[in-house]
Amino acid sequence: MNIVYRALRILIKIYTDIRDRITPGWSQKNSSRIREWELMAYAFSKSKIGVLGGFMVFITVVLAIIGPIISWEPYWIYKTITDPKLMYLPPCLPPWCSGRPILGTDEWGRDIVAMSLYGFRISFVISIVVVFFGSVIGIVLGLVSGYKGGVVDEIIMRLTDIFMAFPSLILAIAFAAVLPSRIRGFLGENIWFRNILSTIFGLRPQEYPQLAALLSVWIAMVVVWWPGYTRIIRGTVLSVREHPFIEAAKLCGLSTWRILVKHILPNVLSPVIVMITFDMATATLFAASLSFLGLGPQEPVPELGYMISKAGRYFPERSLHVVAYLGLVLLFIALGWNLLGDALRDVLDPRTRRALEFREEKV
Amino acid sequence: MQSSGEKVVLNDGEVLRVEKLEVRFYTYAGVVHAVSNVSFYVREGETIALVGETGCGKTITTRAITKLIESPGRIESGIALFRRRNGQIVDLLKLDDEEIRKIRGDEIAYVFQDPSAALDPLYTVGYHFIETVKAHRNNVSKKNIIYLAIKLLREVAIPSPEVRVKNYPHELSGGMRQRSVIAISLSNMPKLLIADEPTTNLDVTIQAQILELLQELQKRYGMSMILITHNLGVVAETANRVYVMYAGKIVEEGNCETIFYNSAHPYTQLLLKAVPNPLKKIEKLESIPGTVPSLINPPPGCRFHPRCPFAMDICRKEEPPKIKLDDNHYVFCWLYTKR
Amino acid sequence: MGLAHYLARRVITFIPTLIGVLLITYIVAYAIPADPVRAWVGEKLLNREALEMVRKKYKFDAPWYEQFAFFVQQLLTGQLEDPIRYRNVFSEIFFRFGITVELALISFLFLVAIGIPLGIVAAMKKDSPVDFFVRIFALIGSSLPSFVLYYFLILILFVYYRTTSLAGIPLPSQTCTDFISSLPNQIPVLGYIVSAIGSVPMFGAAMCGEGGVVVETFRRLYLPALALALLSGGFIARIVRNSILDVMGSEFILYAKARGLSKLKIWGHALKNAMIPIVTVLGLNFGGLLSGAVIAENVFNIPGIGKYMYDAITRLNFPVIIASTFLVALIYLVVNFVVDIIYAVIDPRIRY
Amino acid sequence: MSETLLRVENLKKYFRVRGSFTKKVRAVDDVSFEIFRGTTLGVVGESGCGKSTLGRTILRLIDPTSGRIIFDGRDVTKVKGKALREYWRNAQMVFQDPHTSLNPRMTIASILLEPIKSYRIYVEDEEKFLVEQLEMVGLGKEHLYRYPHELSGGQKQRVAILRAIIVKPKFVVLDEPTSALDVSVQAQILELLKNLQKIYNLTYMFISHDIAVVKYMSDAIAVMYLGKIVEIGDADTVFFNPLHPYTKYLLSAIPIPDPKMARDRKKVIIQGEPPSPINPPPGCRFHPRCPFAMDICRKEEPPKIEVEKNHIVACMLYAKK
């Protein structure tokens, strides 16, 4: 038995214990489901790619949560104003040059490792919010469109067609360019909202013009994100809808809403989960691209894409280490999600589980 | 590959003799013993039927003959002697890829269950004929193949065959597609036709047409035929001899009438009672309790013993021997051993 | 006539999409910003009268539907003017689009050359090291921040080895350009088509026999093209592999084997059938390339449509934004349409 | 015979063909019949003849184009909302493929509880009740919390049957309930259905393409061809004294599991295939394949003729001249 499997088993055990305490007999009634989870956990633990991806994602999430807290340098202090020599210090290991940031500094003389800790939080928050809203909107529209059919379907599909006719980056750039001025005014008036937002992003409330830019990146990305989900969900719903168990549910007198939630949604969820995992990577890179193009937050916010674009101006003579390190950070985040998604695609495939089940019987 | 000492020979008048065929699938889930110790033979011009329920190994048996089994499947052992057109006798399982390719589609042809999936949707019906003939006789001109195609399509009762050769598969109805597949399979005048559930997806009236057609073509060309089916009605209508399979093994073999009127194996008997005969008044259908076992861990001894009403102790432990009851009538069952 | 009927029906479904695209561009460009006129004219022109004039000119004093109608009319008649440069937007766009086409084509060549053979090999040798490599290549390709890859390719192939240049775009000589733009007057219908093709600098140069320009163009653009292709090459290879494996598992391949067809023939069947999903993905990809690789064009300093749009958006140059997004959406639809035609050619089932 | 439970009058269901305003698929075209309480009506026909659509239209899973459905004395053709639920409470369905008719994400218990909860049937001890019910269809407690994929095809079909009858309906449409199953399992399921019918005095509409099975299950048989019922009558009458040429062909085409009977039998094989229901031939729909076709068959629709009591045939051959 391997460690990953054991850890996942413990997690499942904790969950079932909690459920058992709430409703006695739960685990007995759901023994098949728990078994299925355990098989999934086993299949996952057997996938090297998946375990590696899971580990990377775990680190990403942990750093995103604690990053701004453990970061040892405030991002809002421009050190080079007092000491211009600190600008773009190259990487250097302690025995040779102690007291200097190991991986060097950026334009403002800030330790790039400390800055990237803020970056983890920002990019994680953006991608999770975008993927969450994008998928929720997409799922709802996709479910309705696929199940209802007829005029509703036609309208929703034309709408997704329209949004998909734009290159997503261009559309997002357009939204991200025109939105901030409005949002800035809004944030200026609603101090409580500004405070919440700054806490989420791990930034100071004073940065509200930058928060406005971040918020407009959110909105711009959500606008271009949902159609993909709608398409996929609709396609899956169309095939699930043909299954007689939907007709059987109608005959059981269930309402349309209950059929959608209880019978269709659970059956389209697996491809959605895989897609969400992959999209966490895509959204991370997309957001970084927007800020790389200067449409996200500006100084002093240490957003990864923006920092790379700044360093790009001195590339490669002075800033090779900055571009390389921050590029690796982005690669790390995106690769983690992609590896995880690639493994989940296999793990969530019922065929894999069936096969494992047979094997278990043999053992 | 072959362990048993006795020599297998192809008797006069036999086209194919398969002896002790063993096929396993090495899946993620475990080793599937799909076909175990299967032996049968086919005479010139006769139709044998392999009968059995889903997953009993009848399809895999016939695919193994021409080595159409793919990874994770593997032919473990066995002999398949085949008399070629030129009189030469070969063991099909020992041929290399190129030699077996030359026999497939030329001397041994297949018709599969699903006619809508058997034809490549991107090519016309005529192109399938051209390919099939060219794969074996490269010197025939395309024009002549199309003539042949039209002739064969006419023989399988397709109206206006001149038009149909130019059609794509999706432009034909299900029945017509199956006729086309049969015609394509016949395009090299095979000695042996293997029809794998050729009518399962078709309507009864079309099924009747296709069965009649197959019988007629068989007579005309003197082909031998292996018919795979789960439909006992189809067996009764067409087969000369019958092999009943259960869970990867043959349980009984005999002439068609022997199997229907004097069946010996409990499985065959129960199976016959489970099928309603519309011409008879039936009060109650007999049913076989339980379900087909998994072939990953097949039951020890006789594979039917968990569902058999007459199961004895020995059935649970030892494999039943092949017992001769009559000419051409063999059964694998402990009930018939003399003690 | 099945094919014509089918294609006509597809064209009709594009119309509502196009109208929707117009509406959305209108909303982005006019409705969201508080005062587009102020945004265009900038802070330097605070003259009230001038502002009013511009406002009148673009019908900002009229209700929104009149504005919209005016805007559509201007767009469709090609009269839109760049309010910053005082030039006709369309002639500017066409020039830049030609460059984007060059980049897209070269990149597409790389993509096909990388993706398809890799995919085929991975499918032939399933679960082999090659297959694993393709999987990893695809995953890394889709995880790499594109701009970082661009920087490092520049570092290696430009800074260290000087195999390419990052300035300017090779263009055919003036006489050649004049010749091509005069073509519609010389040959009636065909002339327009040839002239349109010739407006892509590389093609124009080839038509006039200026081979040096073509070679120069390749030298100038191969780096961004390769970079773009590297990012999605693995992904394409994965798609190719999966669709081939799907087809290889199908019944008609088994039947082809049962008919005794040779390995080569069987692969022929598999490849042709696998083309259908591959064409979709390649088509989408090409459509994406044609609509301008914004980041690549910015980093590699290529004056294509993507960079033009990006500049316009950041300067809030709305007429340019509108015209170019409209054009790009139109191209997307055209590419879709071409993919449909290719489908219909490959797959006889579609024609009905 | 006893009273009528279901009466269908001139039921029609036309589907629009995608991309066309004028073309229509006449899936069910002017169908009338009645089913008596506690009996089984078998509906046979080849694929595409509209037998499945007929079953779904009667259950209002598809809305009929015209005609009337009278169930238990009430017109249910257009009922909605509560009344429709009330109808469904009494009229259920069992589907062809048990692999797709049970939601793969729900346990057997939750599948079976769904109709009970939805129709607010009071059950003292849910688990005990479900186990009793499962035992009645030959399953047991050990299946209660399983997922469908952990059951065999036959077991799944038992669950599907139980889901249909657990609310004690009066009428069940059985849409090819055994055609996805193996022969040995088919017999088990058919026996189960017969037993349940006896216990609960159920009324069945048994749809199948397998005439042998229909014959075994039914009291009356309706033969469908291209959306129309061409012949209807008592099972034995239709089977041993078929009148419509199509019925005759259909019967002669069934393979008989008895070599002597099969080979001695005079076989008449009908040529050609059913035409598309989009453009059905004018007049009698069977005339292009019918060897007895007369001029009038090509022009006029055949009337429904009651040749003897409870035996109706739609064929010009039996029209009084």
Side-chain angles (χ1 to χ4, degrees), chain B residues 51-56 157 159 173-176 199 201-209 211-213 229-239 242 246 255-261 267 270-292 307, chain D residues 44-49 138 151-155 179-192 194-195 209-217 225 235-236 239-240 246 249-263 265 267-276 289:
Chain B
V51 191
E53 298 177 272
T54 318
C56 72
S173 68
M176 277 212 266
T199 58
N201 284 344
L202 303 175
D203 281 320
V204 254
T205 55
I206 318 276
Q207 167 171 296
Q209 294 167 13
L211 288 178
E212 205 198 40
L213 176 74
T229 183
H230 64 270
N231 187 330
L232 289 168
V234 172
V235 175
E237 305 251 346
T238 46
V242 180
Y246 180 78
N255 289 336
C256 187
E257 306 203 346
T258 320
I259 292 289
F260 275 91
Y261 302 128
Y267 175 66
L270 284 169
L271 196 63
L272 283 166
K273 283 185 195 147
V275 185
N277 179 345
L279 297 182
K280 282 188 194 156
K281 189 96 188 138
I282 313 155
E283 275 314 310
K284 195 171 179 300
L285 288 180
E286 206 73 42
S287 57
I288 309 174
T291 48
V292 184
R307 302 173 74 187
Chain D
V44 279
E46 299 178 273
S47 56
C49 74
L151 271 54
S152 72
Q155 290 172 328
S179 61
L181 305 174
D182 272 322
V183 253
S184 64
V185 183
Q186 165 173 299
Q188 297 171 4
I189 297 293
L190 293 179
E191 286 309 314
L192 173 67
K194 279 207 153 183
N195 286 338
H209 66 273
D210 187 337
I211 299 149
V213 171
V214 170
K215 160 77 178 16
Y216 176 70
M217 290 296 290
Y225 185 76
D236 285 339
F239 204 85
F240 293 110
Y246 177 66
Y249 284 121
L250 202 59
L251 291 175
S252 113
I254 337 167
I256 305 291
D258 185 318
K260 276 190 194 136
M261 278 188 197
R263 285 164 205 193
R265 181 165 66 128
K267 238 181 161 176
V268 227
I269 288 178
I270 182 183
Q271 287 312 317
E273 289 171 39
S276 140
R289 299 170 80 192

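So that the names make sense, note that chain A is the first sequence line, chain B the second, and so on, each numbered from 1.
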Measure distances from [X] to the heavy atoms of chain B and classify the residue's part below 4.5 Å as side chain, backbone, both or neither.
| X | value |
| --- | --- |
| Q188(D) | both |
| E191(D) | side chain |
| S47(D) | both |
| D236(D) | side chain |
| I254(D) | both |

Is any side-chain heavy atom of [Y] closer than 4.5 Å to one of [X]?
| X | Y | result |
| --- | --- | --- |
| P276(B) | M217(D) | no |
| P259(D) | Y261(B) | yes |
| V183(D) | E53(B) | yes |
| Y225(D) | R289(D) | yes |
| L279(B) | D258(D) | no |

Could you look at [X] and say if it's the side chain, the backbone, both or neither that has a heavy atom under 4.5 Å from chain D?
| X | result |
| --- | --- |
| P159(B) | neither |
| K284(B) | both |
| L271(B) | side chain |
| T54(B) | both |
| V235(B) | backbone |

Legend entry - Distance-only donor-acceptor check, side chains T199(B) and Q207(B), under 3.5 Å: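 Checked: T199(B)/Q207(B) side chains pair up, N/O donor to acceptor below 3.5 Å.
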Inset, instruction - For the pair E237(B) (side chain) and I256(D) (backbone), establish whether a donor and an acceptor sit closer than 3.5 Å, ignoring hydrogens and angles. - result: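 Judged by distance alone, yes, a pair lies under 3.5 Å.
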Legend entry - Residue, of P289(B), G175(B), G233(B), that accumulates the most heavy atom pairs under 4.5 Å with chain D: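 The option with the most such pairs is G233(B).
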Inset, instruction - Look at S287(B), A236(B), A239(B), G290(B) and state which one has the largest set of heavy-atom pairs under 4.5 Å with chain D. - result: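 With the most close heavy-atom pairs to chain D, the winner is A236(B).
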Legend entry - K194(D) to Y216(D) six-membered ring, cation-pi geometry met (6.0 Å, 45°):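 Because its charged atom sits under 6.0 Å from the ring centre and within 45° of the axis, K194(D) does stack over Y216(D).
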